Amino acid sequence: MQETSADRSDRARFSREKPVKILFVCLGNICRSPTAEAVFRQLAKEAGVIDRVIVDSAGTGDYHIGERPDPRACWAASQRGYDLMRLRARQVKADDFEEFDYILAMDEQNLRALKQIAPRHHEHKLRMFTDFCSTGDCTVPDPYAGGPQGFEFVLDLIEDAAQGLLRHLRPELTR
Ligand code: 4NP
């Protein structure tokens, strides 16, 4: 899920170093991964490294291709200043494994689905997004079937993991 590919390639063109490419992955690409995409993009902007990253998101499932993010995710995100409205759901595709440097799953089911389709030589790119959490949480739970508090909890986790990811990448991004 992304603005447009033209936006991405413009940013990449103006950077001397190759950008670090990050793909956030959940099941539907309408709740967690678009939220992670928007939160990480915002943090990268605030940190002055937006030209050094390409950020995108996708779902392992095909249930919601072309749809906007879930209104509850949009609402929760907007309350914290993140805009999901321009994003549209897409499914993970074979090229993603070639294209992206980090492919970050929201939960174990997403990671298993990715491992089933990833070429062996790209498996090292697959990780849990929560590897970058400071809270000790090991999954970003699916909020789809729950209430609004699930979306708040997911946002808390995503903000924490996104900050950890940015810290992890900082040496690469500031070279
Ligand atoms: P997401 O949430 O994986 O965070 O986008 C879900 C959205 C829709 C469905 C499952 C999870 N669904 O089954 O339709």
Side-chain angles (χ1 to χ4, degrees), residues 1-5 7-8 21-44 53-97 99-118 122-123 125-166:
M1 196 174 283
Q2 183 55 287
E3 310 138 69
T4 67
S5 56
D7 292 339
R8 293 201 301 270
K21 300 179 181 180
I22 303 150
L23 182 68
F24 296 103
V25 177
C26 61
L27 174 59
N29 196 209
I30 59 168
C31 300
R32 293 165 291 174
S33 62
T35 302
E37 177 186 343
V39 168
F40 188 77
R41 184 174 289 122
Q42 184 66 31
L43 285 186
V53 294
I54 288 176
V55 191
D56 198 357
S57 66
T60 58
D62 62 359
Y63 318 116
H64 297 284
I65 293 172
E67 291 180 18
R68 291 173 195 274
D70 186 290
R72 297 165 296 174
C74 291
W75 168 253
S78 73
Q79 295 305 291
R80 300 193 196 184
Y82 308 112
D83 183 13
L84 308 191
M85 292 302 285
R86 287 189 303 156
L87 304 178
R88 298 291 179 273
R90 73 168 180 88
Q91 191 173 24
V92 174
K93 57 184 192 300
D95 285 352
D96 291 330
F97 298 104
E99 166 109 0
F100 288 91
D101 304 305
Y102 291 82
I103 301 175
L104 302 176
M106 296 294 141
D107 66 28
E108 290 286 352
Q109 183 195 4
N110 309 147
L111 188 65
R112 275 197 302 278
L114 286 167
K115 283 183 175 169
Q116 276 173 4
I117 56 172
H122 288 311
E123 262 197 28
K125 298 176 174 181
L126 310 180
R127 292 184 64 169
M128 292 292 287
F129 184 39
T130 47
D131 287 354
F132 302 98
C133 261
S134 69
T135 57
D137 286 272
C138 54
T139 189
V140 182
D142 182 357
Y144 188 66
Q149 71 284 359
F151 286 84
E152 293 299 327
F153 179 71
V154 157
L155 256 174
D156 290 342
L157 265 180
I158 286 175
E159 285 184 326
D160 180 73
Q163 283 160 6
L165 176 62
L166 192 59

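Positions are given from 1 along the sequence. Predicted model, so just to flag it, every value in this text is computed and none were measured. As the structure lists them, so they are numbered: ligands from 1, and atoms in each ligand from 1.
Looking at D70 against ligand 1, nothing comes within 4.0 Å, counting heavy atoms. Under 4.0 angstrom from ligand 1, there are no non-hydrogen atoms of M106. Of all the heavy atoms of L27, the ones lying under 4.0 Å from any atom of ligand 1 are found in both the backbone and the side chain.
A donor-acceptor contact shorter than 3.5 Å links the side chain of R41 to the backbone of V55. A donor-acceptor contact shorter than 3.5 Å links the side chain of Q91 to the backbone of T60. In this structure, the side chain of R90 does not engage the main chain of N29 through any donor-acceptor pair within 3.5 Å. Listed for the D107 side chain is no donor-acceptor partner under 3.5 Å among the backbone atoms of P141.
Listed by number with element, the atoms of ligand 1 under 4.0 angstrom from any heavy atom of G28 are 1 (P), 3 (O), 5 (O). Near I30, with a cut-off below 4.0 Å to any heavy atom, the atoms of ligand 1 are 5 (O), 7 (C), 8 (C). Close contacts of ligand 1 with C31, meaning ligand atoms under 4.0 Å from a residue heavy atom, involve 1 (P), 2 (O), 4 (O), 5 (O). Within ligand 1, the atoms closer than 4.0 Å to a non-hydrogen atom of N29 are 5 (O), numbered from 1 in the order shown.
Geometric assessment of R72 against the ring of Y144 yields a positive cation-pi assignment under the 6.0 Å and 45° thresholds.
Within the 4.5 Å cutoff, the side chain of L126 has heavy atoms near those of the F97 side chain. For the pair R80/E152, a side-chain contact is recorded, criterion being any heavy-atom separation below 4.5 Å from C-beta on. At least one side-chain heavy atom of D137 sits under 4.5 Å from a side-chain heavy atom of F153.
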Practice problem: Begin with the C-alpha distance, continue with both residues' side-chain angles, and end with the deciding distance and a verdict on side chain to side chain contact (heavy atoms under 4.5 Å, CB included) for L157 and F129. | Solution: CA-CA 10 Å; L157 265 180; F129 184 39; over 6 Å; no
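Geometrically, ligand 1 and R32 share a nitrogen or oxygen pair separated by less than 3.5 Å. Residue S33 has no N or O atom closer than 3.5 Å to an N or O atom of ligand 1.
Closest to atom 14 (O) of ligand 1, if we only count protein heavy atoms, is H64 NE2, 2.7 Å. The closest protein non-hydrogen atom to atom 1 (P) of ligand 1 is C26 SG, 3.5 Å. Ranking protein heavy atoms by distance to atom 2 (O) of ligand 1, first place goes to D142 OD1, 3.2 Å. Nearest protein neighbour of atom 9 (C) of ligand 1, counting heavy atoms only, is Y144 CD2, 3.6 Å.
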